[in-house]
Amino acid sequence: MALSIHSDDFQTLLDSLREAGYRCVGPARDGTITKFKPIEQAGDLFLDEILTTVSPKEFFLAEHEAILSYRMKGKSDIELTTPSKEEYAPPTLVFGCRPCDAAGPDIVKSVMTWDYDDRFFLDRADSTVIAAIACVEADEACFCTSVELAPDSQTGADILLIPSSNSTGDTQEYSVTAITEKGRKLIDSTKGWKDGNPERASAIDEVKSNLKPSFDPAKVREWLDNGFDHEWWNTATLSCIGCGTCTYTCPTCHCFDIVDEGGQSEGVRVKNWDSCMMSLFTLHTSGHNPRPLKSNRFRQRIMHKFKYYPDLFERILCTGCGRCQRHCPVDMALKGLLEQIGRLAAETPDQVAAG
Amino acid sequence: MVISEADTTKIVNSLRVRAKELLESGEVKVIIGYGEGYTKGKAVPVFITDPGKTDQLIFDARCVNNLSMYLKHAEIKAMGKVGIVAKGCDARAINVLILESQFKREDIFILGVVCEGVGDPIEEQCKSCVANTPPVYDELFGEPIENQGWNDETFAKIEELESMTQSELWNFWVKEFDRCIKCYACREACPMCTCTRCITDKNQPQWVPTSPHSDGNYHWNLTRAFHLVGRCVGCNSCERACPMDIPLSLVNWKLIKAVHDEYEFIAGMDAETAPPLATYTEGEETDFIK
Amino acid sequence: MENIYCPSLLKIQDLTWETPDTTSFRLTFNDNSEREEFFSLYKVGQFGEFSAFGHGESTFCVASPPTRKDYIECTFRAVGRNTKALQALNEGDTIGFRGPYGNSFPIDDWKGKNILFIAGGIALPPLRAVILNVLDRRSEFADVTIVYGARTVSDLVYKMELQEWEARNDVNIVTTVDPGGETEDWTGKIGFVPTVLDEVAPSNENTIALICGPPIMIKFTFPVLDKLGFSKNQIFTTLENRMKCGLGKCGRCNVGGTYVCKDGPVFRADVLAELPAEY
Ligand SMILES: Cc1cc2nc3c(=O)[nH]c(=O)nc-3n(C[C@H](O)[C@H](O)[C@H](O)COP(=O)(O)OP(=O)(O)OC[C@H]3O[C@@H](n4cnc5c(N)ncnc54)[C@H](O)[C@@H]3O)c2cc1C
Ligand code: SF4
Ligand code: SF4
Ligand code: SF4
Ligand code: FES
């Protein structure tokens, strides 16, 4: 049966989530930025922005987390403890993210299960339900349609809310689709959902048709296959200041650091977000650095997203959310750069063939 | 507004012409200036090596970035002599860098531009600019104008913080710094952060915890601040780059005020005055070192 | 679900100072089932993450062969935070270990072949596991030649074993030190590894060459091997890119699309030649 939910009933939903043992995280203001935060009051949800400053990836790949604690027992014995799933992966509903953000964890899952399973990611993915809301607006930085997604795509979402034409500025009705079993279960065990099939807002399809693909990822990948030593990297990346903002705000960047914090007798081993845009990332203790220049590092970022990852897992490591462009202090627009690569690929078929 | 639209057009035109000459004559190998961004309405740093392409250059209130930070990049150093478009804050940063022997005055050609402030709305620091006319240049574009200078408003926010109790102040900063994600965008955007290996990237000992938890964030932000005392030119690049919108300028301006109160020193006004925190004079009080 | 980042606990059974800054550990597993699991997987050439708790983890190759199943060994130089902390430990102390990770030398494909080992300085450990493995299965291989050099006599590692290998008549071993690095009683050669290799001139016929050493040595050794008629698919080497996880997750060890922690650290020279120079 068709389902719907009205924003007036968000509080009912939030209350029943708490009763059912879920925490709800949703887009909210934090000072002047927006991010996903635990939500108790429907009024704290901030759903008007196209995209939050940072993606909800921290609920899958924590920005900072203990993966182990150690404690000396006696003179030379050591006790190791792994945090329990209950501690780091409580049942969670990520509510109101965009379809591109919902796709993030689904894409990253491939590497997190590559031969070895990263339990911290997988346990969280397992206990988290994602309820995405289709987009009625896009900006210049958005390019989901170029990377096999759409303003109403279901990839990675457990539940999809589609805004209906029934809105009054402050209030909004949505039609609701349970995409996965997990999503269905959450809906069954919580309140606020209603029967009904409200009419889809026309804005969604307008966004969809206005957001034409601006490059062909297959062509880009083909150019990258042979473009490693191309002069373009040096000129195109000169203005990058190597700040890493693009990678930290990205929903698919997943590189991390492992460090020990604590003393001789006890402490924790932690996993922190890290970034390929920093020179320290690959620096050897000897001082040798395989990627000494920012052009090397920028190339790594693009190659990883549009060639290496697709080569390994047949998925593009980018959801087209455009955060890397929106927040880049020097407007290094990934979309624009990929368009440039697309043009290079079209201009220089010889280079591609000859290598 | 002292500079009219017609003046601005004149400035941009003469910039383009001069940049072209400099490249053609081989006097400089690259011009760092501003051009149109990919995103509509944004101005971005551009790097021009082809004399035929100097028409890319623009200059207006959208040109917010402090370009002098590029002078520390290996890629730029490798290109040869640089011609750089510099507004007051860029020029002040260049003065500090020269004073700190990062490069020599003759290594760069400064295309100074008179600037009435950047940003829309105009950025806070521009309202108290001490260098609307750049203090150093090889050639000036635009007629020199009077500096805004510091005024009653300049330190109003700092004074507000100073009137807080210790615990209020602590809570204020903990809350702000908690958002920090340790991306170090503030460091990379800063022209003064020239260390080849930042102290946060050193692990023997681990001076600054690398994790983005409260402790690590506090350590990092204070360390950054301390290293900029008497060096920060208040260009706001760090705050602008910070994706988490942490009000780093409040830290910077507190330090700018302290250095001025104590030593009557303003960083980057020339490349000669000895910086107070990097100078020792005989007989100076040292009893604070315990 | 298992915590892939959780190490096994190993005790330092034996500690040997190889050079003033290089130490070898012989390590025993606290938990026998972890030992069994390790040896059910381990092949020569693989590496692990060794940790002094509170200081981090470091990637070292496992320097002992899978034919010796009571312990594992590693040899490392103190260069940074964790290696210095490890070096400060004593016999009886406990360290953390994760592994074995990465690929291995395909020695089963080399049965009946001559094996030529070329190593410089601290880079003997990755080859030592292979040497011992080959010696433990000596009859399966033809001639074994080792060319090993270091800057000075005191920089040579595994001095005891070098003597043992010299004493064997089924191993042809040549040791050398850089000019000026010799001592009065030095009986080996004096000269750089590539030069000495050129003098020794091992045959390329039916031979596999393994080479590990500082980049500069590798750079000058390749032309010599080329001159001796070795083709790239007869030569194997290992790469050392900065690593954290060792598991293909943390994203920093890749050379182009190749993850050194998973598709390496062992590379055949013709495969390596296809990779971009990101190492
Ligand atoms: C496959 C492989 C095998 C190795 N085998 C040996 C060996 O048998 N013996 C030995 O002495 N050394 C070996 N190394 C190098 C060794 O890993 C580094 O010297 C060590 O990690 C330095 O750690 P640290 O904490 O003391 O240094 P720090 O500089 O304090 O370490 C910081 C971090 O840098 C990284 N790192 C620094 N240098 C290197 C490097 N050269 N390679 C990889 N990661 C690095 C590590 O991730 C470390 O966690 C090997 C490296 C690789 C990749
Ligand atoms: S956000 Fe922009 S300037 Fe910063 S590292 Fe990314 S591309 Fe470079
Ligand atoms: S690379 Fe940029 S556009 Fe793609 S997912 Fe990451 S932040 Fe979004
Ligand atoms: S730019 Fe902002 S978030 Fe990034 S390290 Fe600096 S203060 Fe922290
Ligand atoms: S070491 Fe982490 S991916 Fe290879």
Side-chain angles (χ1 to χ4, degrees), chain A residues 30-35 53-54 58 63-66 139-141 234-235 237-249 257 259-261 268 270-275 277-280 283 285 287 292-295 322-323 325-337 339-340, chain B residues 30 32 35-47 49 64-65 67 69-70 72-76 78-79 175-176 178-190 196-198 200-204 206 209-213 215-217 237-238 240-247:
Chain A
D30 190 343
T32 48
I33 65 153
T34 52
K35 61 191 278 196
T53 314
V54 273
E58 64 179 290
E63 177 189 350
H64 158 72
E65 71 176 313
D139 69 10
E140 247 184 296
N234 300 330
T235 48
T237 61
L238 271 175
S239 65
C240 170
I241 68 168
C243 68
T245 296
C246 45
T247 55
Y248 285 87
T249 54
D257 190 17
V259 282
D260 282 11
E261 286 187 347
V268 284
V270 302
K271 222 166 126 188
N272 290 333
W273 286 354
D274 206 344
S275 169
M277 300 303 276
M278 317 238 173
S279 69
L280 189 75
L283 184 72
T285 313
L293 299 175
K294 53 186 180 173
S295 56
R323 281 193 181 84
Q325 169 176 346
R326 258 176 236 113
H327 305 296
C328 173
V330 292
D331 196 32
M332 285 286 284
L334 184 59
K335 182 182 179 182
L337 293 166
E339 287 168 1
Q340 280 186 35
Chain B
V30 57
I32 308 181
E36 292 291 342
Y38 174 86
T39 308
K40 268 195 238 53
K42 280 198 189 175
V44 298
V46 292
F47 302 80
T49 50
V64 291
N65 299 78
L67 299 179
M69 50 84 34
Y70 288 109
K72 68 185 178 187
H73 285 185
E75 291 82 352
I76 302 297
M79 291 174 99
K175 187 161 177 288
E176 293 295 344
D178 259 355
R179 281 204 306 280
C180 177
I181 52 176
K182 286 279 191 93
C183 64
Y184 303 126
C186 44
R187 171 184 78 187
E188 300 304 329
C190 176
T196 33
R197 190 151 184 181
C198 175
T200 58
D201 293 345
K202 292 186 181 159
N203 66 356
Q204 294 176 76
Q206 191 79 55
T210 56
S211 298
H213 46 39
D215 185 26
N217 292 349
S237 287
C238 51
R240 219 181 286 116
C242 177
M244 305 310 283
D245 282 4
I246 298 172

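Since this is a predicted model, take the numbers as computed values, not measurements. Values below: all heavy atoms of this structure, side chains included; hydrogens, waters and symmetry mates excluded. Just so it is clear: chains get the letters A, B, ... in the order the sequence lines come, proteins before strands, and each one is counted from 1.
For the atom pair A:L293 CG and B:H73 NE2, the distance stands at 11.0 Å (nearest 0.5 Å). One finds the CG atom of A:N272 at 8.0 Å from the NZ atom of B:K182 (value rounded to the nearest 0.5 Å). Remark: B:D201 CG to A:S279 OG distance equals 7.0 Å, nearest 0.5 Å. The OH atom of B:Y184 sits 13.5 Å away from the SG atom of A:C243 when rounded to the nearest 0.5 Å. Atom-to-atom distance recorded for A:D257:CG and B:S211:OG is 8.5 Å, nearest 0.5 angstrom. The distance from the SG atom of B:C183 to the CE atom of A:M277 is 12.5 Å, given to the nearest 0.5 Å.
Between A:E63 and B:P212, the shortest heavy-atom contact is OE2-CB, 3.5 Å. Here the shortest heavy-atom pairing between A:I33 and B:P243 reads CG2-O, 3.6 Å. Scanning both residues, A:V330 and B:V44, for their nearest heavy atoms gives O-CG1, 3.4 Å. Heavy-atom minimum distance, A:I241 versus B:A185: CD1-O, 4.5 Å. The two residues A:E261 and B:P209 have their closest heavy-atom pair at OE2-CB, 4.0 Å.
Residue contact with chain A, scored on non-hydrogen atoms closer than 4.5 Å, is absent for B:L67. At a 4.5 Å heavy-atom cutoff, the contact between A:T32 and chain B is made by backbone and side-chain atoms alike. Looking at A:C246, there are no atoms closer than 4.5 Å to chain B (heavy atoms on both sides), in backbone or side chain. Proximity to chain B (any heavy atom under 4.5 Å) is shown, for A:S239, by both the backbone and the side chain.
The candidate with the highest count of non-hydrogen atom pairs below 4.5 Å against chain B, out of A:K35, A:R326, A:M278, is A:M278. The most heavy-atom pairs under 4.5 Å with chain A, out of B:H213, B:R240, B:M79, come from B:H213. Interface remark: of the candidates A:H327, A:K294, A:K271, A:K294 forms the most heavy-atom pairs closer than 4.5 Å to chain B.
With hydrogens and angles ignored, the 3.5 Å screen pairs no side-chain donor or acceptor of A:D30 with any backbone N or O of B:R179. Under a 3.5 Å cut-off, the side chain of B:E75 and the backbone N or O of A:L238 do not form any donor-acceptor pair. In this structure, A:E140 contributes its side chain and B:K40 its backbone to a donor-acceptor pair below 3.5 Å.
Counting only N and O atoms by type, the side chains of A:Q325 and B:T39 include a donor and acceptor under 3.5 Å apart. Side-chain contact of A:E339 with B:Y38: a donor-acceptor pair under 3.5 Å is present, judged by distance alone.
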Tell me, with the steps shown, if A:L283 and B:R197 meet side chain to side chain contact (heavy atoms under 4.5 Å, CB included).
CA-CA 11 Å; A:L283 184 72; B:R197 190 151 184 181; 3.5 Å; yes
